Amino acid sequence: MKEQLENIKRSAISEIETSGTVKVLDDIRVRYLGKKGELTSVLKSMKNLSKEERPIIGQVANEVREMLEVSIKDRKLSLEKVEQNQRISAETIDITLPAKKVVVGKKHPLDKTLEELCDIFIGMGYEIVSGREVENGYYNFDALNLGKEHPARDEQDTFYINADTMLRTATSPVQVHTMENQSLPIRMVAPGKVYRSDEVDATHSPIFHQIEGLVIDKNITFGDLKGVLAEFAKKFFGDKVEVKFRPHYFPFTEPSAEVDVTCVMCGGVGCSVCKGEGFIEILGCGMVHPKVLEMSGIDSKKYQGFAFGMGIERLTMLKYNINDLRLFYDNDVRFLEQF
Ligand code: DAH
């Protein structure tokens with residue numbers, strides 16, 4: 001039996017020393033020291049030994065068991081280290097690899113223009129006012145001095161909801177609400193969507209955006225209007241731009257003008273964009289008509305004012321050399337990511 005124990009010791013030690021993983025080592029432990037293990041069954045069979053032999057063999061058996069336990073413990077520690085090192089090196093992050101590209105969205109060109117316009121006017125002391133997109137005939141037409149016979153009242157231009165309710169055709173009605181509701185003086189801009197029943201083409205859309213401006217105070221002159229809009233044009237298009245005020249007609253202003261700037265494409269020499277003129281129209285403006293002031297309860301003898309309105313799509317097309325307004329609404333990222 002002693003020999004049997006020696007054999008078990010030898011083969012177990014050699015197996016322990018050559019074991020390659022903690023799992024294999026654990027199997028060895030079970031095979032030798034487990035309940036049904038080889039060493040355990042030898043210990044169990046000791047009851048068959050004589051009284052004299054029992055303590056001697058018992059001592060040897062205990063020594064073998066202790067020895068196996070110690071060497072299993074040692075081997076386990078070193079195998080665990082090896083496995084830990086393998087895990088660490090397998091999990092190492094290669095920080096030299098290129099990172100995953102994060103695609104960040106961009107501001108829509110119309111929003112960029114809108115924010116830029118608001119910044120420019122806020123910088124000049126204007127307040128941003130929002131209006132309503134559904135109006136009635138009084139605000140959309142009458143209060144702006146557009147008589148019943150005015151062509152803009154024709155159904156072709158206006159989306160009617162019913163006989164006296166329509167989608168606003170310009171941001172100008174915000175002027176009227178502001179004059180009615182705010183105390184004087186007024187210095188505001190009102191950006192927003194406007195609606196006209198136009199066919200879609202390169203320069204028209206049934207929904208587009210405008211920004212309206214209104215200043216009402218004492219001693220306001222056409223000179224103030226010119227100063228503000230010339231300053232705006234330089235801030236938006238750049239210092240080199242020249243501004244031209246061309247007489248025009250609008251029912252709600254008197255006198256009225258359209259403002260042209262030197263063509264952003266050719267710098268004023270003349271090209272296909274400005275049709276050889278060297279100038280391009282960017283907005284409408286004028287001194288608020290006394291009738292418009294009076295209709296909103298403002299004494300036109302004491303107060304004067306000027307107003308202006310411009311298309312945000314048009315300004316954006318001119319600034320970035322965009323030749324088709326439909327591009328703004330197509331949502332093609334190849335177009336949008338350029339801004
Ligand atoms: N409402 C005009 C349009 O839609 C733009 C405009 C012109 C607004 C002159 C004004 C103005 O306030 O004074 O074409």
Side-chain angles (χ1 to χ4, degrees), residues 117 121 126-133 135 137-147 150-154 156-159 166-180 186-198 203-217 220-230 232-233 243-261 280-293 295-296 298 300 303-315 317-318 325:
L117 295 172
F121 285 105
Y126 286 62
E127 142 183 38
I128 311 288
V129 171
S130 67
R132 50 187 83 165
E133 289 174 23
E135 285 289 3
Y138 178 75
Y139 289 100
N140 200 64
F141 299 124
D142 299 323
L144 290 164
N145 200 27
L146 273 92
H150 197 281
R153 297 191 85 135
D154 192 311
Q156 274 180 14
D157 294 322
T158 309
F159 285 117
M166 68 281 299
L167 297 176
R168 68 178 178 190
T169 50
T171 42
S172 303
V174 189
Q175 289 187 28
V176 182
H177 292 291
T178 310
M179 287 189 284
E180 283 181 354
I186 290 167
R187 197 169 271 106
M188 71 83 170
V189 283
K193 287 196 194 78
V194 300
Y195 302 83
R196 288 181 198 174
S197 63
D198 280 327
T203 53
H204 293 87
S205 159
I207 305 177
F208 60 104
H209 300 79
Q210 287 188 332
I211 185 165
E212 192 79 16
L214 177 70
V215 171
I216 311 273
D217 205 344
I220 297 287
T221 68
F222 201 88
D224 297 314
L225 165 62
K226 284 182 79 174
V228 164
L229 293 179
F232 150 73
V243 182
K244 186 161 83 176
F245 287 77
R246 197 168 23 79
H248 198 75
Y249 169 77
F250 294 107
F252 31 87
T253 45
E254 181 59 36
S256 305
E258 276 189 336
V259 172
D260 300 344
V261 290
I280 287 186
E281 180 246 312
I282 57 160
L283 60 86
C285 63
M287 299 305 289
V288 180
H289 198 295
K291 267 174 137 178
V292 171
L293 291 173
M295 274 188 276
S296 293
I298 293 173
S300 63
Y303 287 93
Q304 304 76 42
F306 63 82
F308 54 89
M310 49 195 146
I312 290 173
E313 278 79 353
R314 184 171 169 76
L315 289 175
M317 287 168 83
L318 289 172
L325 173 147

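Atoms within a ligand are numbered from 1 in the order they appear, just like the ligands themselves. Values in this document were obtained by computation on a predicted structure and should not be read as measured data.
- One option in Phe252, Tyr249, Phe306 has a heavy atom closer to atom 2 (C) of ligand 1 than any other, and that option is Phe252.
- Rounding to the nearest 0.5 Å places CE of Met310 at 6.0 Å from CG of Leu117.
- Under a cut-off of 6.0 angstrom, the local environment of NZ in Lys244 is crowded, with over 12 non-hydrogen atoms contributed by other residues, nucleotides or ligands.
- Counting the atoms of ligand 1 from 1 in the order shown, those under 4.0 Å from a heavy atom of Gln210 are 3 (C), 4 (O).
- Here the straight-line distance linking atom OH of Tyr303 with atom CG of Leu293 works out to 11.0 Å at 0.5 Å rounding.
- If you look at Phe308 next to ligand 1, the close heavy atoms, those under 4.0 Å, all belong to the backbone.
- Ring orientation note: the planes of Phe250 and His248 are tilted relative to one another, at an angle of 30° to 60°.
- In summary, the atoms of ligand 1 found under 4.0 Å from a heavy atom of Gln175, numbered by their order in the structure, are 12 (O).
- Residue contacts with ligand 1: Arg196 is included, with a non-hydrogen atom under 4.0 Å away.
- Scanning all protein heavy atoms for the shortest distance to atom 12 (O) of ligand 1 gives Glu212 OE2, 2.5 Å.
- With a 4.0 Å heavy-atom cut-off, ligand 1 is reached by the side chain of Ala170 but not by its N, CA, C or O.
- Contacts between Met310 and ligand 1, counted as non-hydrogen atom pairs separated by less than 4.0 Å, are absent for every part of the residue.
- Taking a cut-off of under 4.0 Å to the non-hydrogen atoms of Gly286, the atoms of ligand 1 that pass are 13 (O).
- Judged purely by atom type and a 3.5 angstrom limit, Arg196 uses its side chain to pair as donor or acceptor with the backbone of Thr169.
- The backbone N or O of Arg168 sits nowhere less than 3.5 Å from a side-chain atom of Asn140 that would complete a donor-acceptor pair.
- Of the listed residues (Gly213, Gly311, Ala307), the one carrying the non-hydrogen atom nearest atom 13 (O) of ligand 1 is Ala307.
- Relative ring orientation between Tyr126 and Phe121 is described as perpendicular, the plane-to-plane angle rising above 60° on a 0-90° scale split at 30° and 60°.
- Shown in contact with Ser172 at under 4.0 Å from a heavy atom are these atoms of ligand 1, numbered in order with element: 1 (N), 8 (C).
- Judged by distance alone, with hydrogens and angles left aside, the side-chain atoms of Thr221 form a donor-acceptor pair with the main-chain N or O of Gly223 at under 3.5 Å.
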